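Beneath this line is the structure, given in structure tokens, with notes to follow.
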There are 2 protein chains.
Amino acid sequence: MASIEIGQPLTARGKATRARIVEAATELVRAHGVANTSLDAVLAASDTSKSQLYHYFADKDDLVLAVIQRQTECVLATHESHLRKLHSLAGLRRWRDAVVELSRQTDCAGGCPLGSLVSELAESPRPRELLAESFARWEALLVAGFRAIQARSGTRRDCDLTELATVVLAALQGGLLLAQTTRSTRALELALDMAIDHVEAHLA
Amino acid sequence: MASIEIGQPLTARGKATRARIVEAATELVRAHGVANTSLDAVLAASDTSKSQLYHYFADKDDLVLAVIQRQTECVLATHESHLRKLHSLAGLRRWRDAVVELSRQTDCAGGCPLGSLVSELAESPRPRELLAESFARWEALLVAGFRAIQARSGTRRDCDLTELATVVLAALQGGLLLAQTTRSTRALELALDMAIDHVEAHLA
């Protein structure tokens, strides 16, 4: 439950302070995980006071929900920039290359910023729901891309685009998890290639 | 670094005490994660003293390595019981059904007992190496199964069985992660079906 009452709009300064807290918390959670991120560390990193933090967030759980939302916007913005221009399978393979390159640039550290939150948060109802919504939005981006590919190619084969999006996302998540563990993008490349071949077989 | 010197064998009673500590720690880590599992909680759950624990483990990091090893043995034993009898694609689909059923029985809670350790532990070198070894052993079980399928069918198509195992494991991990988040086995089913179709296309 948010500590700010509904209907009480934030001032520009209030918004900036809240955003600074969320940004600091998101970076700390990304680096150390939720359990290893204390509110004191968030206060220090965002240069805010405890009373400021409790003005915007009821407690750590409430702040964690904002972290999930912030991380979701970041991840989806990255993928949307590639997927919204999609109109061919070649474009889908360029998205695959971009995902692999992003992982390579960080030596596969940290895995997926959203997927890596699942093991720590998915046993609590509200964080789990938020993460499920995030993945559903991610799938919707893929579905829109698949539709654009179909529209451009003029084919309209009868297939469930949401199911195709689910398997692409599963391959991406599993590939990133194995890449993080092995410190090699190989598993990610192979998993995404399999998934895109699967999409091609069903769309084309 | 283990606190027990190399070459100093444990007595039967020592082995039992050590196993009790590892078992309790494994259950606590499975339920609450590594960061949320204190050594005090492990002592209470295993009914051992601090001096006993430090006789067998240098510190929490050392105990966590034993937890990874214990969880690896459990997970691989489950999969080996299905995969060692493998000699057909129908058998591989029965393994898929067993994996899905296992997930359904727990309402998809907790995800993969090994995969869920990755986000918390894969940024530390030694745990990451151990987890990579665990996944490599898991892949080796799949490769042995694929070889048995090839041997029985008499085909020997030129394909990289380790790469096939990697994509099956990626599909399994990604499918379990999405299943845990959505509390539905659907993503797991779809991901494994895609992976087994991929295996079939390359093996058959």
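Computed from a predicted structure; not experimentally measured. By convention in this document, chain letters (A, B, ...) are assigned in the order of the sequence lines, proteins followed by strands, and residues within each chain are numbered from 1.
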Among [options], which has the most heavy-atom pairs under 4.5 Å with chain B?
{"options": "A:Leu177, A:Leu188, A:Leu131", "value": "A:Leu177"}
{"options": "A:Gly33, A:Ala109, A:Ala35", "value": "A:Ala109"}
{"options": "A:Gly115, A:Ala187, A:Ala136", "value": "A:Gly115"}

| remark: The reported gap from CG in B:Leu169 to CG in A:Leu190 (rounded to nearest 0.5 angstrom) is 12.0 Å
| message | Please classify the contact between B:Ala201 and chain A as side chain, backbone, both or neither, with a heavy-atom cut-off of under 4.5 Å. | response | neither
| Under 4.5 Å from a heavy atom of chain B, the part of A:Ala31 involved | neither
| Of the non-hydrogen atoms in B:Met194 and A:Ala171, which two are nearest, and what is the gap between them? | CE-CB, 4.3 Å
| Pairwise salt bridge (Lys or Arg N to Asp or Glu O under 4.0 Å) hits with a residue in residues 166-176 of chain B, at least two apart |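 Pairs touching residues 166-176 of chain B that pass the test: none.
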Report the donor-acceptor contacts between chain B and chain A below 3.5 Å as a table, one pair per row.
| residue | atom | partner | partner atom | Å |
| --- | --- | --- | --- | --- |
| B:Gly110 | N | A:Glu123 | OE2 | 2.8 |
| B:Ser116 | O | A:Ser119 | OG | 3.3 |
| B:Ser119 | OG | A:Ser116 | O | 3.3 |
| B:Ser119 | OG | A:Ser119 | OG | 2.8 |
| B:Ala122 | O | A:Arg183 | NH2 | 3.4 |
| B:Glu123 | OE1 | A:Arg183 | NH2 | 2.7 |
| B:Glu123 | OE2 | A:Gly110 | N | 2.8 |
| B:Glu123 | OE2 | A:Gln180 | NE2 | 2.8 |
| B:Glu123 | OE2 | A:Arg183 | NH2 | 3.4 |
| B:Arg128 | NH1 | A:Thr181 | O | 2.6 |
| B:Glu163 | OE2 | A:Arg186 | NH2 | 2.5 |
| B:Gln180 | NE2 | A:Glu123 | OE2 | 2.8 |
| B:Thr181 | O | A:Arg128 | NH1 | 2.6 |
| B:Arg183 | NH2 | A:Ala122 | O | 3.3 |
| B:Arg183 | NH2 | A:Glu123 | OE1 | 2.7 |
| B:Arg183 | NH2 | A:Glu123 | OE2 | 3.4 |
| B:Arg186 | NH2 | A:Glu163 | OE2 | 2.5 |

